[in-house]
Amino acid sequence: MKKTLRLYSKILLVVVAFMGTTNVFAQSPCIDFHKRKCKRQDVSSPYVISSESRSAMFLKGQTSEFRLTIYQGKDYRITICNDEVLGDNIGMAIIDRETGEPLYNNKDFNYVRDFEFTVLMTREIKIVISVPDDSGSMKPKGDFRTKQADGMGCLGVLIEEMITPKKGF
């Protein structure tokens, strides 16, 4: 009898745990969007995916930022990808966190989706992502905006890194 009760309690625990996990994934359709949708340029390259990569739900007109430490002696490639509903001109700016100096803005390069660079000095940066506004998708209502299905989508920031290759002889 005790063995049967233990078995049933274990089965119940597994079922409850599975249901909780399923519920979390159902609520977050953008989890790992960067892994599923951002295309790596060359899978055989020495770049590895950084754990600092991010994915999130965005609204048209939304801007969001996150911090990243970039390290001397490393090369980085940052790629952005998004659901079609968010449009084509997704902005990506890289700003020195300490000085506020803009280091890169893809707006100056026709909103390219990826950027590769070598770090000469370790520093903290902010990556600022901006989704253009589309007046048809969000209508202001007093102090808030309505979320319409066609104004929301997933956006991913894939960060890849590698040790800078030695140059010369």
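Here the straight-line distance linking atom CG of Asp32 with atom SG of Cys154 works out to 11.0 Å at 0.5 Å rounding. Atoms CD and CD1, on Glu160 and Ile78 in that order, are 10.0 Å from each other to the nearest 0.5 Å. Taking CG of Leu68 as the start and CZ of Arg54 as the end, the distance is 8.0 Å to the nearest 0.5 Å. Atom-to-atom distance recorded for His34:NE2 and Thr79:OG1 is 11.5 Å, nearest 0.5 angstrom. Here the SG atom belonging to Cys30 is positioned 7.5 Å from the CZ atom belonging to Arg36, to the nearest 0.5 angstrom.
Using a 4.5 Å heavy-atom cutoff, the side chains of Phe58 and Asp83 are not in contact. In this structure the side chain of Asn82 reaches within 4.5 angstrom of the side chain of Arg113, judged on heavy atoms. Considering only heavy atoms from C-beta on, Asn106 comes within 4.5 Å of Ile80 through its side chain. Between Tyr111 and Asp88, every side-chain heavy-atom pair lies at or beyond the 4.5 Å cut-off.
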Run the numbers on Phe33 and Leu155 for side-chain contact (heavy atoms from CB on, under 4.5 Å), then give the verdict.
CA-CA 7 Å; Phe33 184 82; Leu155 186 141; 5.7 Å; no

Ile125 vs Ile95, test: side-chain contact (heavy atoms from CB on, under 4.5 Å). Steps then yes/no.
CA-CA 5 Å; Ile125 62 171; Ile95 299 168; over 6 Å; no

Derivation and outcome, side-chain contact (heavy atoms from CB on, under 4.5 Å), residues Ile129 and Ile90:
CA-CA 7 Å; Ile129 303 296; Ile90 306 297; 4.0 Å; yes

Could you walk me through whether Arg77 and Ser45 pass the side-chain contact (heavy atoms from CB on, under 4.5 Å) check?
CA-CA 11 Å; Arg77 178 170 45 217; Ser45 79; 3.6 Å; yes

Taking it one step at a time, do Tyr104 and Phe117 satisfy ring-ring contact (aromatic ring centres under 6.0 Å, His included)?
CA-CA 10 Å; Tyr104 172 79; Phe117 58 97; 8.2 Å; no

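With hydrogens and angles disregarded, a donor-acceptor distance shorter than 3.5 Å links the side chain of Ser53 to the backbone of Ile159. Without hydrogens or angle criteria, Thr164 side chain to Gly73 main chain gives a donor-acceptor distance under 3.5 Å.
Here the closest non-hydrogen pair linking Leu86 and Leu59 is CD2-C, 4.4 Å. The minimum heavy-atom distance linking Val85 with Gly151 is given by the pair CG2-N, 4.3 Å. For the residue pair Glu161 and Tyr76, the shortest heavy atom distance occurs at OE1-CE2, 3.4 Å. Counting all heavy atoms, side chain and backbone alike, Gln62 lies closest to Met57 at OE1-O, 4.1 Å. Nearest approach of Arg123 to Asp96, heavy atoms of both residues: NH1-OD2, 3.1 Å.
Between Met92 and the choices Val128, Val112, Ile127, the side-chain contact (heavy atoms from CB on, under 4.5 Å) rule is met once, by Ile127.
By the neighbour-count criterion of 12 heavy atoms within 6.0 Å, atom NZ of Lys74 is densely surrounded, having more than that number from other residues, nucleotides or ligands. Applying the 6.0 Å contact sphere to NZ of Lys167 captures more than 12 heavy atoms from other residues, nucleotides or ligands. Within a 6.0 Å radius of OH in Tyr71, other residues, nucleotides and ligands contribute 12 heavy atoms or fewer. Dense packing is recorded around CG of Asp108, with more than 12 heavy atoms of other residues, nucleotides or ligands lying under 6.0 Å away.
Met162 is linked by a side chain to side chain contact (heavy atoms under 4.5 Å, CB included) to Pro46, Tyr47, Asp75, Pro165, counting only residues two or more places apart in sequence or in another chain.
Judged by distance alone, the side chains of Thr69 and Glu124 do bring a donor and an acceptor atom under 3.5 Å apart.
Cluster partners of Ile49 are Leu158, counting Ile, Leu, Val, Met, Phe, Trp and Tyr whose side-chain heavy atoms approach within less than 4.5 Å, directly or via other members.
The hydrophobic clustering, which links ILVMFWY residues whose side-chain heavy atoms are closer than 4.5 Å, places Phe115 and Phe109 together. Val48 and Ile70 fall into different hydrophobic clusters, where Ile, Leu, Val, Met, Phe, Trp and Tyr residues are linked whenever their side-chain heavy atoms come under 4.5 Å apart, directly or through other members.
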